[in-house]
A.B. asks: 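First, the structure itself, so that you have it in front of you.
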Amino acid sequence: MRLALLLLLAPFAVACAQETPTPTAQDCVPPEAAFTTAGWTTDFCERIVDLTSIRSGGPPRDGIPPLDAPTFVPIDEAEAWLSDAEPVIVLELGGATVLYPLQILTWHEIVNDTVGGTPVSVTYCPLCNAAVAFERPEVDGERLTFGTTGNLRYSDLVMWDRQTETWWQQFTGTAIVGDLTGTQLTILPTALVSWAKARAAHPDAPVLSRNTGFDRPYGRNPYVGYDDEGRDPFLYDGEVGPQLPAMARIAGVIVGDSDETEAARAYAFRDLAAARVVNDTLGGVPLLVVWQPGTASALDAEALADSRDVGATGVFRRTLTTDDGSQMLTFEAALDGIVDAETGSTWTLFGEALAGPLAGQQLDRVAHHDVFWFVWSAFQPEGDLWTPER
């Protein structure tokens with residue numbers, strides 16, 4: 001009887017085994033997730049974030065097309081279509097300097113490029129006002145190139161690489177979903193300044209060309225009025241620190257790495273505009289934080305040339321190392337720029353001494369983020385806020 005029962009149940013057991021589907025990476029995505037997995041080979045089981053924190057921003061994958069073969073023009077040619085106050089990303093690397101106007105980056109968000117012999121991605125997320133440049137690493141013999149997933153996390157661009165289809169958080173440069181989860185891209189110091197300041201400091205630098213192969217109204221802002229402090233950020237439902245409005249601009253600084261204790265601090269543009277120069281110490285690192293007027297918002301008026309002045313910042317180490325040794329400097333604002341109290345030398349927004357005993361010297365740049373306060377609240381909730389009383 002036992003043998004007969006086993007023979008009777010055997011076909012049923014085989015059928016059940018055949019009907020049980022093999023789990024896939026897509027099975028790890030909860031049904032309430034607000035993005036599609038269609039067409040992706042990404043391993044969604046490998047992740048360091050809650051998948052429900054990712055949501056579609058509207059466009060499909062690479063619907064905002066990155067630039068993979070950027071072309072460049074000289075300064076004098078770019079003069080014809082750039083106004084003095086328009087914001088430009090300045091990347092100095094390996095002895096080379098390249099200028100990336102936001103009037104182009106706003107429409108593409110990612111430029112895969114090589115600067116000074118180093119493969120880089122220069123990125124801009126308009127919803128966060130986050131301009132971040134990264135080194136593009138090599139994985140299994142292939143150099144990564146990045147695109148836009150069409151998704152957001154905390155209103156920040158979620159990128160993807162074409163080689164492994166891993167998803168990356170643009171603001172932090174961290175792989176958050178997929179095979180490379182946990183990998184950290186190297187963030188490169190950049191300056192987000194006016195076209196006038198950029199061309200004056202780097203008159204021979206190539207400028208990203210409007211000849212992109214795409215038909216876009218470069219110079220027009222598709223996010224008119226987005227940076228009004230009275231409005232709410234797009235598709236953001238995270239916490240916002242009570243100290244500032246969600247859309248207030250801040251300069252965010254993070255020091256330390258995996259071998260050190262990380263420290264983070266935000267400097268509100270409104271406070272920097274009053275102080276002009278801040279001598280500070282963060283995580284044991286003496287810092288100079290500078291604000292200067294003259295740079296327009298990329299997210300205000302329909303025409304970037306008509307947008308209001310929000311200013312620009314620079315962050316540097318205050319310890320200057322020369323052939324004669326190291327010297328700690330203290331800075332103050334002056335009518336003609338920035339002056340150090342120790343030698344009376346005059347310095348620029350780019351951390352270069354123009355005149356005085358230290359003329360020609362360069363302060364070490366510190367990577368920082370000029371972003372909205374809600375972004376800092378989301379990604380650096382433990383960071384503090386500098387106040388003039390400090």
Side-chain angles (χ1 to χ4, degrees), residues 54 57 59 61-70 72 87-93 97-116 118-137 143-178 180 183-193 198 207-209 212 214 216 218 221-223 226 233-234 251-252 254 298-299 312 365 367-372 375-376 378-379:
I54 300 174
R61 170 169 36 183
D62 284 346
I64 298 175
L67 300 180
D68 294 318
F72 298 87
V88 173
I89 300 172
V90 180
L91 175 59
E92 299 179 63
L93 188 62
T97 302
V98 182
L99 311 183
Y100 302 86
L102 287 199
Q103 67 159 256
I104 300 174
L105 263 293
T106 296
W107 295 94
H108 296 284
E109 300 192 358
I110 297 175
V111 179
N112 293 300
D113 198 5
T114 298
V115 176
T118 299
V120 300
S121 279
V122 180
T123 71
Y124 177 64
C125 175
L127 298 177
C128 293
N129 193 53
V132 192
F134 310 99
E135 288 189 22
R136 289 191 288 117
R143 184 69 59 183
L144 298 189
T145 57
F146 294 91
T148 60
T149 63
N151 299 314
L152 303 169
R153 180 168 176 267
Y154 297 139
S155 201
D156 179 54
L157 164 66
V158 177
M159 311 185 297
W160 70 290
D161 71 75
R162 282 75 169 269
Q163 289 66 38
T164 72
E165 296 205 10
T166 296
W167 291 10
W168 304 74
Q169 190 79 59
Q170 181 258 359
F171 178 76
T172 64
T174 306
I176 56 174
V177 181
L180 300 181
T183 303
Q184 177 65 53
L185 298 175
T186 299
I187 296 178
L188 303 168
T190 58
L192 182 58
V193 301
V207 184
L208 180 64
S209 170
T212 63
F214 297 91
R216 298 291 187 275
Y218 300 123
N221 167 27
Y223 305 93
Y226 179 69
F234 180 68
I254 305 169
L299 303 164
R365 301 174 184 84
H368 73 288
H369 302 278
D370 288 345
V371 294
F372 297 124
V375 185
W376 193 254
F379 293 105

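In this text, all values refer to a predicted model and were calculated from it rather than measured experimentally.
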A.B. asks: Under the ring-ring contact (aromatic ring centres under 6.0 Å, His included) test, which residues partner Phe234, sequence neighbours left out?
C.D. replies: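 So Phe234 forms no ring-ring contact (aromatic ring centres under 6.0 Å, His included) with any residue.
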A.B. asks: Heavy atoms, side chains only, cut-off 4.5 Å: are Pro126 and Leu299 in contact?
C.D. replies: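 Sidechains of Leu299 and Pro126: in contact.
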A.B. asks: May I ask you to decide if Phe171's main-chain N or O and Asp156's side chain share a donor-acceptor pair within less than 3.5 Å?
C.D. replies: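 Yes, because the side chain of Asp156 sits within donor-acceptor range (under 3.5 Å) of the backbone of Phe171.
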A.B. asks: Can you measure from CG (Leu185) to CD (Glu135) and round to the nearest 0.5 angstrom?
C.D. replies: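 Rounded to the nearest 0.5 Å, the CG-CD separation comes to 9.0 Å.
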A.B. asks: Excluding sequence neighbours, so at least two apart, what forms side chain to side chain contact (heavy atoms under 4.5 Å, CB included) with Pro70?
C.D. replies: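 If we apply the side chain to side chain contact (heavy atoms under 4.5 Å, CB included) test to Pro70, skipping adjacent residues, the hits are Phe72, Val111, Asp113, Leu208.
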A.B. asks: Please enumerate all residues that pass side chain to side chain donor-acceptor pair (under 3.5 Å) together with Thr212, with sequence neighbours excluded.
C.D. replies: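 Applying side chain to side chain donor-acceptor pair (under 3.5 Å) to Thr212 gives Tyr218.
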A.B. asks: Suppose we screen for ring-ring contact (aromatic ring centres under 6.0 Å, His included). Which residues come up paired with Tyr154, at least two apart in sequence or across chains?
C.D. replies: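 Scan of Tyr154 (ring-ring contact (aromatic ring centres under 6.0 Å, His included), adjacent residues dropped) gives Phe379.
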A.B. asks: With sequence neighbours excluded, tell me which residues meet side chain to side chain contact (heavy atoms under 4.5 Å, CB included) with Leu157.
C.D. replies: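 Counting only residues at least two positions away or on another chain, Leu157 forms a side chain to side chain contact (heavy atoms under 4.5 Å, CB included) with Glu109, Ile110, Cys125, Thr148, Met159, Gln170.
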A.B. asks: Taking side chain to side chain donor-acceptor pair (under 3.5 Å) as the definition, give me every residue that meets it alongside Thr164, ordered by chain and number, with sequence neighbours left out.
C.D. replies: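 Partners of Thr164 under the side chain to side chain donor-acceptor pair (under 3.5 Å) test: Asp161, Thr166.
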A.B. asks: By side chain to side chain contact (heavy atoms under 4.5 Å, CB included), which residues pair with Pro233, not counting sequence neighbours?
C.D. replies: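 With neighbours one apart ignored, the set is Tyr226, Tyr236, Ala246, Met247, Phe374.
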A.B. asks: Let me see the working for Val115 and Tyr100 under side chain to side chain contact (heavy atoms under 4.5 Å, CB included), right down to the final yes or no.
C.D. replies: CA-CA 12 Å; Val115 176; Tyr100 302 86; 3.3 Å; yes
A.B. asks: Is there a donor-acceptor contact under 3.5 Å from the side chain of His368 to the main chain of Gly252?
C.D. replies: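 Not a single qualifying donor-acceptor pair exists.
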A.B. asks: Say you draw a straight line from CG of Leu91 to OG1 of Thr118; how long is it, rounded to the nearest 0.5 Å?
C.D. replies: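 It comes to 9.0 Å.
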A.B. asks: Among all residues two or more places apart in sequence or in another chain, which pass the side chain to side chain contact (heavy atoms under 4.5 Å, CB included) test with Thr97?
C.D. replies: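 Result, side chain to side chain contact (heavy atoms under 4.5 Å, CB included) vs Thr97: Val90, Glu92, Leu99, His202, Ala205.
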A.B. asks: From Ile187 CD1 over to Phe134 CZ, what is the distance, rounded to the nearest 0.5 angstrom?
C.D. replies: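 That separation rounds to 5.5 Å.
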A.B. asks: Please examine the side chains of Trp160 and Phe146, heavy atoms only from C-beta on, and report whether any two atoms are closer than 4.5 Å.
C.D. replies: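 No; the side chains remain at least 4.5 Å from each other.
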A.B. asks: Going by the rule side chain to side chain donor-acceptor pair (under 3.5 Å), which residues pair with Asp68 if we only count those two or more places apart in sequence or in a different chain?
C.D. replies: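 Listed in chain order: Asn112, Arg162.
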A.B. asks: Looking at every non-hydrogen atom in both residues, tell me the closest pair between Leu192 and Pro87 and how far apart they are.
C.D. replies: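 Scanning both residues completely, I find the closest heavy atoms to be CD1-CB, 4.2 Å.
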A.B. asks: Run the side chain to side chain donor-acceptor pair (under 3.5 Å) test against Gln163 and tell me which residues pass, sequence neighbours left out.
C.D. replies: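 Here the qualifying residues are Thr145.
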A.B. asks: State whether the side chain of Thr123 and the backbone N or O of Val132 hold a donor-acceptor pair below 3.5 Å, judged by distance alone.
C.D. replies: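 Side chain of Thr123 to backbone of Val132: a pair is present.
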A.B. asks: Please find the pair of heavy atoms, one from Leu102 and one from Ala298, that lie closest to each other, and give the distance.
C.D. replies: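 Where Leu102 meets Ala298 most closely, the heavy atoms are CD1-CB, 3.8 Å.
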A.B. asks: Testing the basics here: between Trp168 and Gly173, what is the closest heavy-atom pair and its distance to 0.1 Å?
C.D. replies: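 Residues Trp168 and Gly173, closest heavy atoms: CE3-O, 3.9 Å.
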A.B. asks: Is there side-chain contact between Leu144 and Leu180, with at least one heavy-atom pair below 4.5 Å?
C.D. replies: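 Answer yes - side chains close enough.
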A.B. asks: Would you please name every residue forming a ring-ring contact (aromatic ring centres under 6.0 Å, His included) with Trp167, sequence neighbours left out?
C.D. replies: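 Listed in chain order: Phe35, Trp40, Phe44.
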A.B. asks: Taking only residues two or more places apart in sequence or in another chain, which ones pass ring-ring contact (aromatic ring centres under 6.0 Å, His included) with Phe372?
C.D. replies: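 For Phe372, no residue satisfies ring-ring contact (aromatic ring centres under 6.0 Å, His included) once neighbours in sequence are set aside.
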A.B. asks: Could you state the interatomic distance from OG1 (Thr106) to CD1 (Ile104), rounded to the nearest 0.5 Å?
C.D. replies: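 Output value for this atom pair is 9.5 Å.
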A.B. asks: Is there side-chain contact between Pro65 and Trp107, with at least one heavy-atom pair below 4.5 Å?
C.D. replies: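 They are not in contact (no side-chain heavy atoms under 4.5 Å apart), so the answer is no.
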A.B. asks: For the CD1 atom of Ile54 and the CD1 atom of Ile176, what is their distance to the nearest 0.5 Å?
C.D. replies: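 Result: 4.5 Å between the selected atoms.
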A.B. asks: Looking only at heavy atoms, which two atoms of Gly147 and Pro66 are closest? And how far apart?
C.D. replies: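 What the structure gives for the nearest pair is CA-CG, 3.9 Å.
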A.B. asks: Side chain to side chain contact (heavy atoms under 4.5 Å, CB included), that's the test. Do Leu67 and His108 meet it? Break it down for me.
C.D. replies: CA-CA 7 Å; Leu67 300 180; His108 296 284; 3.5 Å; yes
A.B. asks: When you measure from the side chain of Arg136 to the backbone N and O of Val120, does any donor-acceptor pair fall under 3.5 Å?
C.D. replies: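 Here the side-chain-to-backbone pair exists.
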A.B. asks: CG of Leu152 to SG of Cys128: how many Å apart, nearest 0.5 Å?
C.D. replies: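 Answer rounded to 0.5 Å: 8.0 Å.
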